[in-house]
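Just so you know, ligand 1 is whichever comes first in the structure, and atom 1 is the first atom listed for that ligand. None of the values given here were measured: they were computed from a predicted structure.
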Amino acid sequence: MDDKELKLIQNGKLNRWTIENSKELYGIPYWGKGFFDISEKGEVIATPIRGQEHQTISLMEIISGLKERGLDMPVLLRIENMLASQLSILHESFNDVIKQFNYRGQYRGVYPIKVNQQQQVIEEITRFGSRYHHGLEAGSKAELIIAISMINDPEACIICNGYKDEKFIDLALYAIKLGFKCFIVIEMLGELELVLRRAAALGISPRLGIRLKISSKAGGHWAESGGDRSLFGLNTSEIIAVVDRLKQEERIECLQLLHYHLGSQIPNIRDIRAGVAEACRYYTELVMEGAPMGYLDLGGGLAVDYDGSQTNFRCSRNYSLNEYCADVIEIVIASLDEKELPHPTIITESGRATVAYYSVLLFNILDVGRFDTHCIPDALSPDLHEMTQNLLEVYKSLNNKNIQEYYNDALYYKDEIQRLFRHGEISLRERSLCEAIFWNIINKIAKEANRTKQIPVELEGIDVALADIYYCNFSIFQSLPDSWAIEQLFPIMPLHRLNECPTRKATLADITCDSDGKIDRFIDLHDVRSTLPLHDIRSGEEYFLGVFLVGAYQETLGDLHNLLGDTTIVSVRMNDDGSYDFVREIEGDSIAEVLTYVEYDTKVLLNQFRQAAENAVREGRITGVERHKIMHAYESGLRGYTYYETGCSNHSDNSSS
Ligand code: PLP
């Protein structure tokens, strides 16, 4: 729906607003992929289990449940079954295509721990994934420690990527000895000597892979992680050096896997196809060189269609999962059959597409900065300054033929009026009148601009200047770092009132009050919107929004800007009968916790403050009873949630000093 249609509906000129209008407006059928929808009641619902579409969970019902349990917003909601569904969809898509094309190898997925390392996520991936032998990718020693502790399936692969020191290599070798299907991927030539030395010292035969520095380049944010200039992987001469060295050591039988990673969020299937085709050539050559091989690891990159546009826009993807699987399998068959080589086990390290859907950030609106233009009084003093008169004239004679010219005039007069005020030539009252006239002009220009087909470049985005600001109870830096760092778009929408027409256009500001703590780019099927249609806030009623598809990368990259800590995390699991349980609750950081992260000793802080309070008692500025109350407030502050609390949080209690 375009802005004109929205306006007609808002003006009551089209049919009454229905949930169908909201679905279209917020694009939920396009990015929701069947996991999210809107109920008849006008609330966002989740359908976590594929094939059981009648079993839904209302996110507003979850919020009520959280409130009953004394949990404050913001909350990161994890819907467990969605992770299980995503894993099944991935494996079943590959397995279907394998059957369809008579592929003679297998598919094995591994989840890259870095995408969301939280214990619960890894536990669920290994638990749900065990029926598919889903493994883990470890990019560091810490991640390998997680992998070998959480996996208990000898068929599941563990892929060791990243820089490896002696301890990392030893741990990987011991994992092999213990029976894990663990691959040590050589990323840098120097690593090979260390692996050979440690393998000889420990008497363990290594299972080796090579990371290929692939020439194919992909579009999207992370293009640089692939291509000839990528930081990791071996070029052709280094690959030859590895092969020769292994042959010299009579260890060529250890080389079993070829890996590459084109980058994350690859929006264009053409790039994916090119990557697979190139990797197959290397794979074939390695087999011809005498390496047993058997595993082809295509890395990550399977994109998420965040805006639902199904295009090669960087926040989308122009292919379905089925197409991805079919293209991969087809290319591998074509390349290997040509040389009559056995089909390898195909591994993908899909992170984003596996976990993005699983988490939703829920938060409330704290306040609204409404953009309401003040009326220009009918009767104006005849003694107004000439510049004020000019500005008023612009307002009166503005029409759709002169918007650009009059916009320039209005800016000029506004600057002049500010100068006159600074020099004491006009009063505060007259300046305030001028401001009202100016914003009325901008409002009129925005309306005219919306009616014209070609908006002058300078006036593009004028809507944003007139949009309300909805102040949100969360930190972008903590919960949506990619929105700030790389302008990643996420679907954002109200969680309720979706059978009502949204009458306001808004941008969002977070609780940090940092000028970067804002969202003014929103998903749209054809473009990027600069404002989000929202409902007017009703007094005494809370208003809730959700940011969707935030399961990948956001938790890991979030930081403590303004000392706003981890949000509370709540997991729900849907049962077979359609009921659901709150299965886990991880309380968000308290203020005391975030203070210790930045090296404060809260006992020292408390003692210092207690001393200040005691001094105030001694000097007669407060009584002993007041000291008690003040200390209680301080201590309860330390225990409190770092976000805006509505007074019912679990964090605070009633103990006092
Ligand atoms: N594998 C490697 C080596 C990576 O560096 C990454 C992340 O960029 C991934 C897999 C995961 O990629 P994605 O989340 O796009 O699936």
Side-chain angles (χ1 to χ4, degrees), residues 83 86-87 89-91 93-94 107-118 121-122 125 129 134-140 143-144 147 157-164 168 183-188 191 209-214 217-227 230-234 257-269 271-272 275-276 279 295-306 314-317 319 321 324-325 328 346-359 481-482 485-486 488 490 549-557:
L83 192 49
Q86 280 297 69
L87 284 173
I89 292 168
L90 177 67
H91 281 272
S93 297
F94 263 110
Y107 169 70
R108 288 279 186 268
V110 296
Y111 170 75
I113 298 176
K114 66 174 135 278
V115 179
N116 189 331
Q117 303 112 325
Q118 304 297 318
V121 176
I122 306 300
I125 286 188
H134 205 84
L136 293 170
E137 183 259 3
S140 66
E143 289 185 353
L144 179 57
C157 298
I158 297 177
I159 307 288
C160 299
N161 288 330
Y163 278 109
K164 292 167 215 66
F168 193 163
F183 292 87
I184 302 172
V185 178
I186 305 293
E187 303 241 6
M188 319 283 293
E191 257 169 25
I210 285 181
R211 177 159 177 176
L212 164 66
K213 193 179 267 194
I214 204 159
K217 245 187 128 173
H221 280 309
W222 293 270
E224 288 305 315
S225 35
S230 67
L231 298 178
F232 300 105
L234 306 181
L257 176 141
L258 180 69
H259 163 59
Y260 73 92
H261 174 66
L262 209 49
S264 189
Q265 183 69 16
I266 309 292
N268 198 337
I269 190 73
D271 295 330
I272 288 173
V276 181
Y295 295 86
L296 178 61
D297 174 356
L298 315 179
L302 176 59
V304 169
D305 193 4
Y306 289 98
R314 61 185 173 79
C315 296
S316 182
R317 68 178 195 199
Y319 51 93
L321 176 59
Y324 171 87
C325 300
V328 164
I346 290 181
I347 297 175
T348 66
E349 303 179 353
S350 179
R352 181 185 297 277
T354 307
V355 290
Y357 283 86
Y358 160 68
S359 304
D482 278 348
I486 52 168
Q488 160 86 50
F490 295 95
L549 317 191
V550 295
Y553 298 104
Q554 304 317 293
E555 284 182 67
T556 304
L557 297 175

Measuring from [X]:[atom1] to [Y]:[atom2], what's the distance to the nearest 0.5 Å?
| X | Y | atom1 | atom2 | value |
| --- | --- | --- | --- | --- |
| His134 | Ile347 | NE2 | CD1 | 10.5 Å |
| Thr348 | Asp297 | OG1 | CG | 8.0 Å |
| Arg108 | His91 | CZ | NE2 | 8.5 Å |
| Thr556 | Asn116 | OG1 | CG | 5.0 Å |

Can you list the atoms of ligand 1 that are under 4.0 Å from a heavy atom of [X]?
| X | result |
| --- | --- |
| Glu137 | 3 (C) |
| Gln265 | 15 (O) |
| Pro112 | 9 (C), 10 (C), 11 (C) |
| Ser350 | 16 (O) |
| Arg352 | 13 (P), 14 (O), 16 (O) |

Considering Ala353, Ser264, Ala303, which one's heavy-atom position lies nearest to atom 13 (P) of ligand 1?
-> Ser264

So, is [X] polar-close to ligand 1, with some N/O to N/O distance under 3.5 Å?
| X | answer |
| --- | --- |
| Asn161 | no |
| Gly351 | yes |
| His259 | no |
| Tyr553 | yes |
| Gly301 | yes |

For Glu137, does its backbone N or O pair with a side-chain atom of Lys114 as donor and acceptor, under 3.5 Å?
-> no

Taking all non-hydrogen atoms of both residues into account, name the closest pair between Tyr553 and Ser264 and its distance.
-> OH-OG, 3.6 Å

Taking the side chain as every heavy atom from C-beta outward, state whether Gln117 and Glu555 have any atom pair closer than 4.5 Å.
-> no

Got Leu298 and Tyr260 here, is their nearest side-chain heavy-atom distance under 4.5 Å?
-> yes

Under 4.0 Å from ligand 1, counting heavy atoms only, is it the side chain of Lys114, its backbone, both or neither?
-> side chain

Counting heavy atoms under 4.0 Å, the part of His261 that contacts ligand 1 is side chain

Mind telling me whether Phe94 and Tyr324 have parallel, tilted or perpendicular rings, with 30° and 60° as the class edges?
-> perpendicular

